[in-house]
Amino acid sequence: HNGAQETVNKCNELGIKVLGYYPFAMPYGIIAILQGLLTGKYSKESIASLDDALLTTSKTSLELRDLKKYEKEIGPLLGEMEKIATQRGKTIAQVALNYVICKGVIPIPGSRTVTQFKDNVGAMGWQLSKKEILALEEKADKIRGFEGA
């Protein structure tokens, strides 16, 4: 890890609130391309079907290539998030945002649609269990290039 969680912990200890600017982005260094991986916009199945998507998507061929590249790596994390979301009656986006909140960060999610707004609101008022957090982190730690908290 890159020390992000240690920084958050120290800030919380000092009474400083940490804001998460891209709470759904995986920090692979190409945030613009991978932004949205944890929103539920993509599933293992939808990433697998991107081969013919160039004609029907606004993503460039390079963005599609990168999404395909991470398909196998992100799949287990998305699967765990889907499992938790189903068990709790939440969406993947709500699980992702709640994880950020549980780690002591105030997320700043955007919302361009009513569905996104409902996801943002639905992430509040509940908490992932320690077991769920550990399961998510175990899967995330296996993703090459993941340096999150």
Side-chain angles (χ1 to χ4, degrees), residues 1-5 7-8 11-12 16-129 132-133 135-149:
H1 293 302
N2 64 2
Q5 187 59 52
T7 301
V8 170
C11 286
N12 285 332
I16 300 167
K17 299 298 179 193
V18 178
L19 301 177
Y21 184 67
Y22 277 118
F24 287 127
M26 296 291 293
Y28 288 110
I30 321 170
I31 297 219
I33 293 172
L34 296 170
Q35 185 177 359
L37 277 177
L38 300 182
T39 64
K41 181 193 304 188
Y42 302 108
S43 66
K44 192 171 181 181
E45 293 76 25
S46 70
I47 292 174
S49 69
L50 287 174
D51 290 327
D52 300 319
L54 190 56
L55 298 176
T56 60
T57 184
S58 61
K59 297 212 175 296
T60 68
S61 59
L62 292 174
E63 290 172 321
L64 292 172
R65 185 200 69 205
D66 284 340
L67 282 169
K68 291 288 290 179
K69 178 177 158 185
Y70 291 110
E71 171 189 357
K72 289 182 180 146
E73 292 183 46
I74 195 81
L77 176 59
L78 284 173
E80 188 65 32
M81 293 175 76
E82 288 171 10
K83 181 177 121 185
I84 293 169
T86 299
Q87 290 171 345
R88 288 187 165 269
K90 300 291 182 182
T91 66
I92 292 174
Q94 290 168 341
V95 170
L97 276 175
N98 193 271
Y99 173 82
V100 171
I101 293 166
C102 287
K103 297 306 282 187
V105 175
I106 301 168
I108 306 175
S111 56
R112 287 182 282 163
T113 67
V114 172
T115 300
Q116 291 171 341
F117 176 75
K118 287 179 180 178
D119 273 341
N120 295 345
V121 172
M124 297 183 288
W126 61 282
Q127 232 180 350
L128 290 166
S129 70
E132 291 167 327
I133 291 170
L136 292 172
E137 289 175 346
E138 177 186 320
K139 303 292 187 211
D141 285 347
K142 293 179 182 171
I143 299 172
R144 179 177 40 91
F146 178 73
E147 297 177 354

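On a predicted model such as this, the values are computed, not experimentally measured, just so you know.
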| note | d(Thr91 OG1, Lys118 NZ) to nearest 0.5 Å is 12.0 Å
| field | Validation row: Val18, Ile106 side chains within 4.5 angstrom (heavy atoms) | value | no
| What is the distance from atom CD1 of Ile84 to atom CD of Gln94, rounded to the nearest 0.5 Å? | 13.0 Å
| request: Run the numbers on Leu136 and Val95 for side-chain contact (heavy atoms from CB on, under 4.5 Å), then give the verdict. | output: CA-CA 10 Å; Leu136 292 172; Val95 170; 4.1 Å; yes
| Between Asn120 and Gly110, what is the shortest heavy-atom contact and its length? | ND2-O, 3.3 Å
| Listed by chain and number, what are the side chain to side chain contact (heavy atoms under 4.5 Å, CB included) partners of Cys102, not counting sequence neighbours? | Asn98, Gln127, Leu128, Ile133
| request: Could I get the full list of side chain to side chain contact (heavy atoms under 4.5 Å, CB included) partners for Gln116, not counting sequence neighbours? | output: Ser111, Arg112, Thr113
| request: Please list, chain by chain and in numerical order, all residues satisfying side-chain hydrogen bond (donor to acceptor under 3.5 Å, both in side chains) with Ser129, sequence neighbours excluded. | output: Glu132
| request: For Ala93 and Asp119, work out which heavy atoms get closest and say how close. | output: CB-OD2, 3.6 Å
| task | Applying salt bridge (Lys or Arg N to Asp or Glu O under 4.0 Å), name anything that partners Lys83, two or more places apart in sequence or on another chain. | result | Glu80
| query | Got a sec, which pairs hit salt bridge (charged side-chain N to carboxylate O under 4.0 Å, His left out) with one end in residues 89-101, sequence neighbours left out? | reply | none
| Roughly how far, to the nearest 0.5 Å, is OG1 of Thr86 from CE of Met81? | 11.5 Å
